[in-house]
Chemist: 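Encoded as structure tokens, here's the structure I'll be asking about.
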Number of protein chains: 2
Amino acid sequence: MATGRTHRPATRSRGIPEATVARLPLYLRALTALSERSVPTVSSEELAAAAGVNSAKLRKDFSYLGSYGTRGVGYDVEYLVYQISRELGLTQDWPVVIVGIGNLGAALAGYGGFASRGFRVAALIDADPAMTGKPVAGIPVQHSDDLEKIIEEDGVSIGVIATPAGVAQQVCDRLVAAGVTSILNFAPTVLSVPDGVDVRKVDLSIELQILAFHEQRKAGEESNAEAAAEAETAAAVAPPAPRGGSTGGSRKGPDGDVPAVMPA
Amino acid sequence: MATGRTHRPATRSRGIPEATVARLPLYLRALTALSERSVPTVSSEELAAAAGVNSAKLRKDFSYLGSYGTRGVGYDVEYLVYQISRELGLTQDWPVVIVGIGNLGAALAGYGGFASRGFRVAALIDADPAMTGKPVAGIPVQHSDDLEKIIEEDGVSIGVIATPAGVAQQVCDRLVAAGVTSILNFAPTVLSVPDGVDVRKVDLSIELQILAFHEQRKAGEESNAEAAAEAETAAAVAPPAPRGGSTGGSRKGPDGDVPAVMPA
DNA sequence: ATCTGTGAAGCGGTTCACAGCA
DNA sequence: TGCTGTGAACCGCTTCACAGAT
């Protein structure tokens with residue numbers, strides 16, 4: 001998951017719910033596909049299916065943008081594409097810098113989805129002098145010494161951090177100091193930024209851990225019945241005692257199951 | 001953000017809230033760092049700061065796991081690490097296959113966060129015969145013809161899709177048919193899966209678009225002190241007419257590119 | 001007849017504030 | 001006294017169900 005930050009203390013009820021904003025790109029993608037197939041209109045039902053949401057939610061979402069549909073008919077694809085693009089700010093060009101050109105940075109640099117939606121890779125930046133000048137995805141890597149200059153000259157306001165976790169915060173600080181106000185962070189660290197700067201986080205490890213949690217539950221359910229075994233088995237494996245003594249599984253979830261067994 | 005899927009129709013009031021589960025990896029990371037520095041205990045306040053959340057939320061989250069803290073003192077670091085690991089299912093080994101070894105797949109294969117938390121890259125799979133046998137991050141790439149065999153033999157239940165969008169659904173279908181029940185999808189597509197299969201999505205383009213939305217708002221605010229200049233002004237700039245026939249597409253897709261690509 | 005737009009109800013998650021324990 | 005654990009208030013998002021437009 002990625003985490004948003006400080007989106008106005010709800011001063012005035014100006015505008016669109018965050019959850020809706022997060023889905024607009026989804027709708028936009030589905031609409032773009034329809035547009036390419038020259039489909040003139042879609043119903044909320046069809047578009048919702050294509051975007052993987054339910055139709056009530058979609059209609060509610062669109063209602064925040066305005067009344068762009070036609071009752072009894074549906075939505076005009078081209079018109080909606082335009083309205084959503086405008087709402088998201090994609091009708092303008094956003095120069096982006098990517099810092100840290102390892103495997104991940106290179107993957108991002110070559111990602112088609114960037115260029116295709118108003119984003120332009122303004123520069124690739126890496127601290128390794130050996131990388132400097134080397135073209136990645138057709139763009140020459142620049143040295144991090146020039147970070148501030150690049151950002152100021154190109155008027156970059158969005159930065160992507162794909163560096164090791166250890167240097168992410170300092171890279172972040174430099175980006176912010178140079179004028180960047182939105183950051184997409186791939187490093188597994190909590191970045192601290194001043195007010196007014198947005199940070200979104202993409203964390204591969206976290207996503208996998210969430211999957212593992214649900215996977216574990218599934219496994220536990222199939223072979224239910226031995227739930228009685230409880231944590232005791234697991235507890236025998238390597239449980240650092242909390243404090244002085246007892247504490248032995250005082251309380252669990254409402255169901256008290258919590259398997260802990262079942263390999264893949 | 002990534003999107004969770006079908007987590008039981010809330011039949012009964014099962015365990016831990018999804019939002020809490022999503023934060024457990026965050027706490028775990030912070031705790032691991034403390035553990036490495038041999039810090040014995042933390043208060044909810046300190047740990048919350050390290051994880052980037054507020055302390056009330058953290059305490060509430062932990063309350064779903066049980067009473068693992070000591071009033072007046074705080075939480076035992078080692079003990080909490082163990083409890084959260086167990087809750088997330090990280091005390092067991094999870095073999096993972098990565099399908100699609102482009103730049104992104106290679107980045108994932110080499111990502112340290114995998115191995116460090118109970119995940120093991122069981123296989124790298126790619127459809128390109130030229131890749132077969134070539135080692136990436138020390139692991140030889142295998143051809144996708146063998147996908148089913150690999151999954152069954154290694155008992156893989158988690159799959160990562162890092163292929164181009166065009167083939168993501170069929171890769172997904174094969175993974176599921178072979179027994180995979182959790183999927184982490186990096187391709188910009190909505191995957192459809194049968195009940196009981198979890199999908200989480202990581203979409204770089206969507207994250208950027210959300211940032212762009214907020215970035216645009218910031219820019220708009222600076223210039224007006226209080227004015228409520230409605231969006232309709234912008235609508236006058238270049239709006240494709242809502243209705244009025246003409247599908248004969250003048251501009252087919254404002255951003256002229258398909259979401260068909262993913263890694264480079 | 002059909003499909004959008006939306007008030008209202010429902011639900012899950014966050015925050016508050018304080019009781020309870022060390 | 002200090003900090004956890006938690007009921008209850010609160011808030012935002014989702015879902016429902018239907019009024020309203022074509």
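As a basis for the values below, the full set of heavy atoms in this structure was taken, side chains included, without hydrogen atoms, waters or symmetry mates. Note on naming: letters A, B, ... go to the chains in the order of the sequence lines (proteins, then strands), and numbering restarts at 1 for each one.
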Chemist: Which residue lies toward the 5' end of DNA chain D, A:P17 or B:S43, if each is placed at its nearest nucleotide?
Modeler: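 Comparing both residues, the 5'-ward one is B:S43.
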Chemist: Given atom CD of B:E46 and atom C1' of D:dT4, what is their separation to the nearest angstrom?
Modeler: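 These atoms are roughly 14 Å apart.
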Chemist: Have a look at B:Y75 and say if it touches a base, only the backbone sugar-phosphate, or nothing, with a 4.0 Å heavy-atom cut-off.
Modeler: sugar-phosphate
Chemist: Going by side-chain hydrogen bond (donor to acceptor under 3.5 Å, both in side chains), name the residues that satisfy it together with B:D61, two or more places apart in sequence or in a different chain.
Modeler: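 Counting only residues at least two positions away or on another chain, B:D61 forms a side-chain hydrogen bond (donor to acceptor under 3.5 Å, both in side chains) with B:T20, B:R23, B:Y27.
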Chemist: Whole angstrom is fine here: how far is it from OH in B:Y68 over to C1' in D:dT6?
Modeler: 17 Å
Chemist: So which nucleotide from C:dT6, D:dC13, C:dG13 ends up closest to the side chain of A:E18?
Modeler: D:dC13
Chemist: Can a side chain N or O of A:S44 be found less than 4.0 Å away from OP1 or OP2 on C:dC3?
Modeler: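 For C:dC3, OP1/OP2 do not have a side-chain N/O of A:S44 under 4.0 Å.
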Chemist: Check for a donor-acceptor pair, side chain of A:T32 on one end and backbone N or O of A:L28 on the other, with a separation under 3.5 Å.
Modeler: yes
Chemist: In whole angstrom, what separates B:D76's CG from D:dC3's P?
Modeler: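 After rounding, the gap between these two atoms is 16 Å.
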Chemist: Between B:D203 and A:L26, is there a side-chain heavy-atom distance shorter than 4.5 Å?
Modeler: no
Chemist: What is the distance, rounded to the nearest whole Å, between atom OH of A:Y27 and atom P of C:dT4?
Modeler: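 Going from OH in A:Y27 over to P in C:dT4 covers 13 Å.
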Chemist: When the distance from OH of B:Y64 to P of C:dG12 is rounded to whole Å, what number comes out?
Modeler: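 Value for this atom pair: 11 Å.
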Chemist: If the sugar-phosphate is the primed atoms plus P, OP1 and OP2 and the base is the rest, what is the B/S/- string for nucleotides 15-22 of chain D, using protein heavy atoms under 4.0 Å?
Modeler: B-B-BBBS
Chemist: In whole Å, I'd like the distance from the CG atom of A:L65 to the P atom of C:dT6.
Modeler: 11 Å
Chemist: Please check if the side chain of A:Q216 supplies one atom and the backbone of B:L90 the other of a donor-acceptor pair under 3.5 Å.
Modeler: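 No; judged by distance alone, with no hydrogens or angles, the pair does not exist.
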Chemist: In whole angstrom, what separates B:E45's CD from D:dT4's P?
Modeler: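 For the pair B:E45 CD and D:dT4 P, the rounded distance is 8 Å.
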Chemist: Between side-chain atoms of residues 47-58 of chain A and protein atoms elsewhere (two or more places apart, or another chain), which donor-acceptor pairs fall under 3.5 Å?
Modeler:
unit_1 : atom_1 : unit_2 : atom_2 : d
A:N54  : OD1    : A:A56  : N      : 3.1
A:N54  : OD1    : A:K57  : N      : 2.9
A:S55  : OG     : A:E45  : OE1    : 3.4

Chemist: Does any part of the side chain of A:Y75, heavy atoms only, come nearer than 4.5 Å to the side chain of A:R59, both counted from C-beta?
Modeler: yes
Chemist: For A:L47 and C:dT4, what is the distance between atoms CG and P respectively, to the nearest whole Å?
Modeler: 10 Å
Chemist: Measure centre to centre between the rings of B:Y79 and B:Y68, then say whether the value is under 6.0 Å.
Modeler: yes
